[in-house]
Amino acid sequence: MKKQLMAMAVAAALATTGAAQAAGGTYFGAQLGVADVSGFDEGMMLAATLGVPADQMVPNLAFEAELGMTVVDPDRNVIGGTAELSYWYLGGFAVYNLPLNNNLKLRGKLGLGYLDVEVDAPGGTASEDDIEAMFGVGLTVPMRGTMRFITEYTRVESDIDQISAGLQFDF
């Protein structure tokens with residue numbers, strides 16, 4: 001599974017980077033946050049994003065590829081022990097950044113993603129994967145030069161929500 005994850009991440013990064021070189025203004029982001037899964041205690045998640053502005057199409061529009069995964073699995077007590085849920089996803093998003101003033105942008109994102117969920121319990125392991133519609137809303141604030149602070153809420157799936165914060169860097 002880790003080989004699949006790495007291959008998909010590399011493929012997405014290469015595809016997005018190729019388009020970005022043609023358009024200019026590529027950025028990278030990393031966020032750490034809370035993984036909130038219905039029926040489980042909260043866990044922690046990590047997301048890495050590669051984005052390309054598409055201002056030539058629509059002002060304030062960007063396209064992002066995002067790889068997200070749990071780093072501390074949400075869990076819950078069950079008969080015979082603890083059940084842990086882990087997930088990872090690879091998504092593509094259209095992102096609109098609405099300037100609120102010179103320093104603050106409200107962002108909304110909408111896209112599709114491949115989601116792989118695995119539950120490990122004392123009675124065995126179950127997994128499921130699917131294509132999911134994903135959306136989110138957040139804020140970005142410029143910090144220094146080509147660095148921005150980002151915070152956002154993302155609905156990964158009907159039972160999986162994330163609240164995260166991190167940094168974006170232009171390169």
Problem set entry | Single hit among D129, V119, V37, D73 for side-chain contact (heavy atoms from CB on, under 4.5 Å) with Y87 | V37

Exercise. Are the side chains of L85 and V117 in touch, meaning some heavy atoms are under 4.5 Å apart?
Worked result: yes

Problem set entry | CG on L139 to CG on L100, rounded to 0.5 Å | 7.0 Å

For this session: Nearest 0.5 Å please: distance from the OG1 atom of T140 over to the CG atom of L98.
Result: 10.0 Å

Problem set entry | Minimum side-chain heavy-atom gap M69-L67 below 4.5 Å | yes

Exercise. What about L90 and L112, same hydrophobic cluster or not, with Ile/Leu/Val/Met/Phe/Trp/Tyr joined at side-chain heavy-atom distances under 4.5 Å?
Worked result: yes

What side-chain donor-acceptor pairs closer than 3.5 Å can you find for residues 76-83, not counting sequence neighbours?
| unit_1 | atom_1 | unit_2 | atom_2 | d |
| --- | --- | --- | --- | --- |
| R76 | NH1 | G39 | O | 3.4 |

Exercise. Does E64 come within less than 4.0 Å of K109, counting only side-chain N to carboxylate O?
Worked result: no

Problem set entry | Note, V156 side chain near Q162 side chain (heavy atom, < 4.5 Å) | yes

Problem set entry | Shortest non-hydrogen contact between D55 and N60, atoms and distance | OD1-N, 2.8 Å

For this session: Return yes if a side-chain donor-acceptor contact under 3.5 Å exists between Y153 and D161, otherwise no.
Result: yes

Exercise. So, for E118 and T125, which heavy atoms are closest and what is the spacing to 0.1 Å?
Worked result: CG-CG2, 3.6 Å

Exercise. For the residue pair P53 and T26, what are the closest heavy atoms and their distance?
Worked result: CD-N, 4.2 Å

For this session: Look only at the side chain of D130 and the backbone of E132, and say whether a donor-acceptor pair between them is shorter than 3.5 Å.
Result: no

Exercise. Quick one: does I150's side chain get under 4.5 Å of L167's, heavy atoms only?
Worked result: no

Seminar exercise, completed: Smallest heavy-atom separation, P74 atom then A35 atom, equals CG-O, 4.0 Å

Problem set entry | Atom pair CZ (R144) and CZ (F149), whose distance is rounded to the nearest 0.5 Å | 14.5 Å

Problem set entry | salt bridge (Lys or Arg N to Asp or Glu O under 4.0 Å) against D170, all qualifying residues, sequence neighbours excluded | R148

For this session: Could you tell me the separation between the OG atom of S86 and the CG atom of D116, rounded to the nearest 0.5 Å?
Result: 7.5 Å

Seminar exercise, completed: In terms of heavy-atom contacts, N97 and A62 come closest through ND2-CB, 4.5 Å

For this session: Evaluate the side-chain proximity of R107 to E152: yes if any heavy-atom separation is below 4.5 Å, no if none is.
Result: yes

Problem set entry | Heavy-atom check, side chain of F169 versus side chain of Y27, under 4.5 Å | no

Exercise. Is it true that L46 and M44 fall in one hydrophobic cluster, defined by side-chain heavy atoms closer than 4.5 Å?
Worked result: yes

For this session: Would you give the length of the straight line joining atom OH of Y89 to atom OH of Y114, rounded to the nearest 0.5 angstrom?
Result: 15.0 Å

Seminar exercise, completed: In this structure, CD1 of I163 is separated from CG of L32 (nearest 0.5 Å) by 13.0 Å

Exercise. Between the main-chain N or O of S164 and the side-chain N or O of T151, is there a donor-acceptor pair closer than 3.5 Å?
Worked result: yes

For this session: State, to 0.1 Å, how close M134 and L115 come at their nearest heavy-atom pair, and which atoms those are.
Result: CE-CB, 4.5 Å

